[in-house]
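This is a predicted model, so every value here is computed, not measured. Hydrogens, waters and symmetry mates are skipped; everything else that's a heavy atom, side chains included, is used.
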Amino acid sequence: MMLIVYAVSTIIPFPTTGLAVVSGALFGPVFGIMIAMLGVNLTSWISFFLARYFGRHVVQEREKGWVKDLDDLLSEKGFYPIMIMRLLFVPSDFVSLGSGLTRMPFKTFAFATFFGTLPATVLFALFGESLFDPKGRIVLGVAIVCVITLVLILRKVPFMKKFLPK
């Protein structure tokens, strides 16, 4: 039932972060995270395919200049820009619909979306679970420390420096 709510949120805009909190609160940490991740990705996939099916041909016919350059870039190297937009909370519908309008392979989009939404979705689901279980607050705190540590480590990786603001 919760996945249907996620799918409907594609048509009736509702932030999936709120749904991740609800998933964690209703289903606990493990199933809440799994349902939230599946739901967040499902809504992104639906938006991507709607844009690809209904809008790609329109863009393709009028594509020139910087739009063509952007399409070429995202088609070839779309993983990191999509992942970073997901990590930075750029509205999901804009990222998904915009990606669907490009030639970006779905596989690239799906993996970037999964890895880009993973940290926040886990934290929001854990937050939802912690609302009803005091022990969940400890897990949430540990998860937040882990995410902050991961971000600090990634900032030191030379390959990632070109994607991070200075």
Minimum heavy-atom separation for [X] and [Y], please, with both atom names.
X	Y	result
Gly78	Pro81	O-CD, 3.4 Å
Ala25	Phe132	CB-CE1, 3.5 Å
Met104	Ser75	N-OG, 3.6 Å
Gly55	Leu101	C-CD2, 3.5 Å

Cluster question for you: counting only ILVMFWY and a side-chain heavy-atom cut-off of under 4.5 Å, with indirect links fine, are [X] and [Y] together?
X	Y	value
Met85	Phe94	no
Phe124	Ile148	yes
Leu123	Val145	no

Distance, nearest 0.5 Å, that separates [atom1] of [X] from [atom2] of [Y]:
X	Y	atom1	atom2	result
Leu87	Leu118	CG	CG	9.5 Å
Asn41	Phe111	CG	CZ	10.5 Å
Ile82	Thr108	CD1	OG1	9.5 Å
Leu97	Phe54	CG	CZ	12.0 Å
Thr113	Leu42	OG1	CG	12.0 Å

Original post:
In terms of the angle between their ring planes, are Phe109 and Phe48 parallel, tilted or perpendicular, with boundaries placed at 30° and 60°?
Top reply: parallel
Return yes if a side-chain donor-acceptor contact under 3.5 Å exists between Ser99 and Arg52, otherwise no.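 Checked: Ser99/Arg52 side chains show no N/O donor-acceptor pair below 3.5 Å.
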Exactly one of Ile35, Leu38, Val40 clears side-chain contact (heavy atoms from CB on, under 4.5 Å) with Ser23, and that residue is Ile35
Quick check: are there more than 12 heavy atoms from other residues, nucleotides or ligands sitting under 6.0 Å from [atom1] of [X]?
X	atom1	result
Phe79	CZ	yes
Phe106	CZ	yes
Phe31	CZ	no

task: Examine distances only and state if a side-chain atom of Tyr6 and a backbone atom of Ala20 form a donor-acceptor pair shorter than 3.5 Å.
output: yes
Side-chain contact, heavy-atom cut-off 4.5 Å: Leu131 with Val21?
yes
Going by heavy atoms in the side chains, are Arg86 and Ser96 under 4.5 Å from each other?
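In short, these two side chains touch, coming nearer than 4.5 Å.
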